[in-house]
Amino acid sequence: MTAAAADRAATLAPATVERLEEALHLESGDPVLVLYGSGTEDSFICTDYQQRSLKEALLLLLKNAGYRRVVFSSSTEPLHFLDAESLSVRRPGGPSRSRAIVGPQGRRVQFGRGAGQQADLAHGQGDEAPAATGRTGGTITDAAAVQTLNAYMRRTDLRTAVVVELAEDFLARNEAGREFAGRLGEWVQGAAGTNLCVLVFSASSQAQIVEAIRRYGSSAALADYVERRSGRSGSKIAGEIRTPERPELHRLVQLARLRHGLVVPHWDQVDRLVNVMTAQGDVLAGSWLKRLSQVGEFTEAEIGHWLSRKRDDRSALERLDALTGLHSVKEHVRGLIALSPVDEQLRQKGVKVPPPSRHLVFRGNPGTGKTTVAEIIGQLYRELGVLKRGHLVSPELNELVADVIGGTAVKTSAVIDSAIDGVLLIDEAYRLTAKGRGGFGQEAVDTLLSRLENERERLVVIVAGYSQEMDRFLASNPGLRRRFSRGNELDFADYTPEELHAILLGILATIGHTPDLALSDHLLRLVTHLYDNRDAKTFGNAGEMRNLAEATHQRWAVRISETAERTRSRPDITAPLTADDVPTSYREPSV
């Protein structure tokens, strides 16, 4: 895209950035909103192809939403403005004359225009607030700053947004913390009218936010408000600013090209490379821009060392087809692939096609490919545009369930937050409803159900486990059966002996072994014996084949090392496997 094309695109709509819009839910009408996450430390490539700090991007978003006055506050800069309009309307009389007064604690405060960074200083309650400095004209006491913020929030003459940056630091260091806590409690309960306070935390979870509020002795009302509302279905009081997604990364590549001379030699590869960048999931836009400014070309050869995941250029369907067995699963996935574009064409013609239920139930024994297929499902939905990232999150049970009242909802919500725009796989899901957990597992299920409804466009959940246990799990709560339709239940059958044999040979090949025909036949007889005598509850299928391959490789390594020691030579790593390398615990009685 040329600079002229970027300019034309920027004129189509007010500039904004998608991930900030998604995190700050202005439509909720809540008087206090919370932002958190790694993205609070990032810069943003907005839709006008300009790079902005979080403060600048927030100002843009709030101005687009109709807030005429936007004031910022932090522990180091108690009151300041970023735009001329907010400065000019900071009080009903318009711009004030330069003046100086003495602050409430006797410190002299210098007032002046100073690059447009002025603020109001409230001497008391109500709407009267004489003008005072921002960052350039001296200092303002914490008490005066809190009074001024309260005056702004209570005014009805002008729609106002107050942004508190680095809220943890603000709460910890503010000398007027008790008064600020009281004001927050009043704003939460409606004293702010249509005005808004945005608290920006660097915390990585809502639980950490609540902990920080309580730790510093701040507003109990605010802590209760965040904790109570964040666990409620449909609540959007707190929003996580995530790392950049595909549209922003596309703009970032263009910005690197225009600003830093990045060369794009193969435009047909841009989408694929951007998809790989998106899948990293933990790299900020500012970091990507810095990286791209240091390379000459936007190619995999240039940026590959920053891509933590092993590259696999195959499509989701190609990866699925390469798996051994799983015929019914493959058929179902092909149905998903066919359904998405057909439904989209029908919607374009005005047909009201209901959104399909994408949550899945995987039934089967261990080692039958459930986790691998879940990862492929994420990639598939990313390719279809259904999910933005398509990453897989597979938590352990203790990551979902706490041992204190209220803790499970927080832990489960945090795991769900990490899976947004991707796939959440809960293996052995029935353990959540098992007896003896004091109801905490059921609390996790209740939280999951409420979030499934709330995040139905941004999350795919897969519950997995043994077939009979999954039946009991789904029957334990009517909400589970409503959200996991019977048509989305996939059976992962045990692999046949022939399939297990193919899997074993494939694993051996990856570690450098290609058994000859005689040994291959011997391994098939061995695998058939293991299959015929398996315990369905404990047999690991593909996992068992991996264990067998690794144990055989280890015995081979011991054998060639012992031979090398006797002959005082280096181990012969070209020596082939033999039947004697197979551990005796795996052999047939007749072998």
Side-chain angles (χ1 to χ4, degrees), residues 1 5-28 33-67 70 161 163 196 198 200 204 236-258 270-289 292 344 355 378 381-391 416-423 454-460:
M1 180 181 292
D7 289 340
R8 287 195 298 272
T11 63
L12 297 178
T16 186
V17 63
E18 298 85 350
R19 57 182 164 133
L20 189 54
E21 274 193 330
E22 292 174 357
L24 188 63
H25 301 288
L26 297 174
E27 76 283 356
S28 70
L33 295 176
V34 172
L35 293 175
Y36 67 96
S38 60
T40 59
E41 301 177 1
D42 202 4
S43 60
F44 300 84
I45 314 303
C46 299
T47 53
D48 60 356
Y49 290 81
Q50 297 298 310
Q51 182 183 13
R52 291 181 171 88
S53 67
L54 174 61
K55 288 168 61 172
E56 294 166 335
L58 269 174
L59 174 68
L60 193 67
L61 179 58
L62 292 167
K63 285 289 185 176
N64 288 344
Y67 291 94
V70 181
V163 179
L196 171 68
V198 180
V200 182
S204 60
K236 297 181 178 180
I237 180 179
E240 181 181 4
I241 306 179
R242 303 178 184 276
T243 50
E245 295 167 351
R246 282 182 293 179
E248 188 176 355
L249 287 175
H250 270 286
R251 296 194 296 269
L252 187 148
V253 172
Q254 297 294 348
L255 184 61
R257 185 176 68 87
L258 298 173
V270 170
D271 282 346
R272 180 177 64 82
L273 291 178
V274 166
N275 285 342
V276 177
M277 291 167 64
T278 306
Q280 302 308 296
D282 57 355
V283 184
L284 301 176
S287 298
W288 276 125
L289 190 59
L292 294 184
E344 182 59 30
Y381 279 138
R382 183 173 70 245
E383 291 172 356
L384 294 174
V386 173
L387 294 173
K388 293 180 180 178
R389 286 183 58 195
H391 62 298
I416 294 172
D417 287 343
S418 70
I420 292 297
D421 297 323
V423 173
N454 192 29
E455 308 290 356
R456 58 185 178 276
E457 299 296 328
R458 301 183 62 190
L459 180 68
V460 171

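For clarity, every value in this text was computed on a predicted model and none was experimentally measured. We use all heavy atoms of the structure for the numbers below, so side chains are in, but hydrogens, waters and symmetry mates are not.
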Do [X] and [Y] have side chains that get closer than 4.5 Å, going by heavy atoms?
X: Tyr36; Y: Asp417; answer: yes
X: Leu273; Y: Val253; answer: no
X: Ser28; Y: Leu33; answer: yes
X: Glu56; Y: Gln50; answer: no
X: Val163; Y: Leu59; answer: no
X: Val283; Y: Met277; answer: no

Distance, nearest 0.5 Å, that separates [atom1] of [X] from [atom2] of [Y]:
X: Thr40; Y: Leu284; atom1: OG1; atom2: CG; answer: 9.0 Å
X: Ser38; Y: Arg242; atom1: OG; atom2: CZ; answer: 9.0 Å
X: Gln254; Y: Ile45; atom1: CD; atom2: CD1; answer: 12.0 Å
X: Arg246; Y: Arg382; atom1: CZ; atom2: CZ; answer: 7.5 Å

Under a 3.5 Å distance rule, please check whether [X] uses its side chain to pair with a backbone N or O of [Y] as donor and acceptor.
X: Arg389; Y: Asp421; answer: no
X: Asn64; Y: Ala15; answer: yes
X: Thr16; Y: Leu61; answer: no
X: Asp42; Y: Gly286; answer: yes

Provide the closest heavy-atom pair for [X] versus [Y] in the form atom of the first, atom of the second, distance.
X: Ser43; Y: Gln51; value: OG-NE2, 3.0 Å
X: Glu240; Y: Ala23; value: O-CB, 3.5 Å
X: Tyr49; Y: Leu255; value: O-CD1, 3.5 Å
X: Thr278; Y: Lys388; value: CG2-O, 3.8 Å
X: Ala256; Y: Leu292; value: CB-CB, 3.9 Å
X: Leu459; Y: Leu387; value: N-CD2, 4.2 Å

Point to revise | Option passing side chain to side chain contact (heavy atoms under 4.5 Å, CB included) with Ile241 (candidates Leu24, Val17, Leu20) | key: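 By the side chain to side chain contact (heavy atoms under 4.5 Å, CB included) criterion, Ile241 pairs with just one of Leu24, Val17, Leu20: Leu20.
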Practice item. Return the set of residues passing salt bridge (Lys or Arg N to Asp or Glu O under 4.0 Å) with Arg251 (not counting sequence neighbours), or none when no residue passes. Key: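 So Arg251 forms a salt bridge (Lys or Arg N to Asp or Glu O under 4.0 Å) with Glu18.
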Check your understanding: Among side-chain atoms of Asp271 and His250, is any donor-acceptor pair under 3.5 angstrom?
Key ->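 Looking only at side-chain atoms, His250 and Asp271 do form a donor-acceptor pair, the distance falling under 3.5 Å.
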